[in-house]
Amino acid sequence: MSKVVLDVSVSLDGFSAGPNVRAQEPMGDGGERLHEWMAGNGPDGGADIGVRREVDASVGATVIGRRTFDLGLGPWGGTPWPGVPSFVVTHRTREDLRGDNGGTFAFDGLESAARRAKDAAGHKDVLVLGAEVARQLLRAGLLDEVHLHLVPLLMGEGTPLFAGEQADLIPEGEAVTGSVTHLRYRIRKP
């Protein structure tokens with residue numbers, strides 16, 4: 001059965017995007033530095049590439065916050081992973097949108113989007129994109145795991161990942177260290 005997984009790069013001080021997120025800088029000022037590890041060019045970059053391949057292979061569907069969708073559609077050129085169905089959480093529903101890369105965006109409320117994404121993912125995982133929708137899923141008890149790519153960077157300001165949310169996290173597997181530290185946690189359910 002698929003899991004709903006927040007897989008996100010985060011600075012040591014807890015930011016998932018830089019300050020001043022806007023159309024010209026969808027990750028905020030300096031926020032793209034959070035994703036530099038994905039190129040595998042840093043120290044022990046082979047470990048980073050291996051983690052990235054594992055993430056890509058696990059994606060069966062995505063749940064995306066509306067703002068993340070609005071800012072990401074242009075840079076992605078379609079769905080975040082080619083051909084993968086994506087479910088945008090919004091109060092402003094609309095007709096499905098077919099991405100240029102073969103994936104479809106569906107627009108729905110939180111619980112329905114999560115349920116539909118799990119159905120679409122089959123045996124693969126549902127990846128969550130967007131700090132606000134991740135917090136909503138956590139509050140609703142719909143988030144199963146958190147995979148953090150801890151970047152050795154202090155941003156000082158930006159989009160806080162959890163912004164005061166609370167949860168008990170249970171480590172899953174061993175940490176992997178490349179140019180960043182890759183951590184996996186299961187969320188303890190009541």
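- For Arg67, the side chain to side chain donor-acceptor pair (under 3.5 Å) criterion is met by no residue, not counting sequence neighbours.
- Under the side chain to side chain donor-acceptor pair (under 3.5 Å) criterion, Glu54 pairs with Arg184, sequence neighbours left out.
- Cluster partners of Val21, using a side-chain heavy-atom cutoff of under 4.5 Å among ILVMFWY residues and allowing indirect links, are Leu71.
- Follow the hydrophobic side-chain contacts under 4.5 Å out from Val180 and you never reach Val10; the two are in separate clusters.
- Listed by chain and number, the residues in a side chain to side chain donor-acceptor pair (under 3.5 Å) with Asn101 are Thr79 (sequence neighbours excluded).
- Identified under the ring-ring contact (aromatic ring centres under 6.0 Å, His included) test for residues 164-190, with sequence neighbours left out: Trp37-His182, His149-His182.
- Contacts of Arg53 classified as side chain to side chain donor-acceptor pair (under 3.5 Å), with partners at least two apart in sequence or in another chain: none.
- For Asp56, the salt bridge (charged side-chain N to carboxylate O under 4.0 Å, His left out) criterion is met by Arg52, not counting sequence neighbours.
- Looking only at distances, no side-chain donor or acceptor of Asn20 sits under 3.5 Å from a matching main-chain atom of Gly28.
- Residue pairs satisfying the salt bridge (charged side-chain N to carboxylate O under 4.0 Å, His left out) criterion with at least one member in residues 94-111, sequence neighbours excluded, are listed as follows: Asp108-Arg116.
- Sorted by first and then second residue, the salt bridge (charged side-chain N to carboxylate O under 4.0 Å, His left out) pairs involving residues 29-49 (not counting sequence neighbours) are Arg22-Asp29.
- For Ala47, the side chain to side chain contact (heavy atoms under 4.5 Å, CB included) test picks out Val176, with sequence neighbours left out.
- Salt bridge Arg135/Glu165: absent, no basic N to carboxylate O contact under 4.0 Å.
- Within the structure, salt bridge (charged side-chain N to carboxylate O under 4.0 Å, His left out) contacts touching residues 2-17 (residues at least two apart or in different chains) are Lys3-Glu145.
- In this view, Leu73 and Phe69, Leu97, Phe105 satisfy the side chain to side chain contact (heavy atoms under 4.5 Å, CB included) rule, not counting sequence neighbours.
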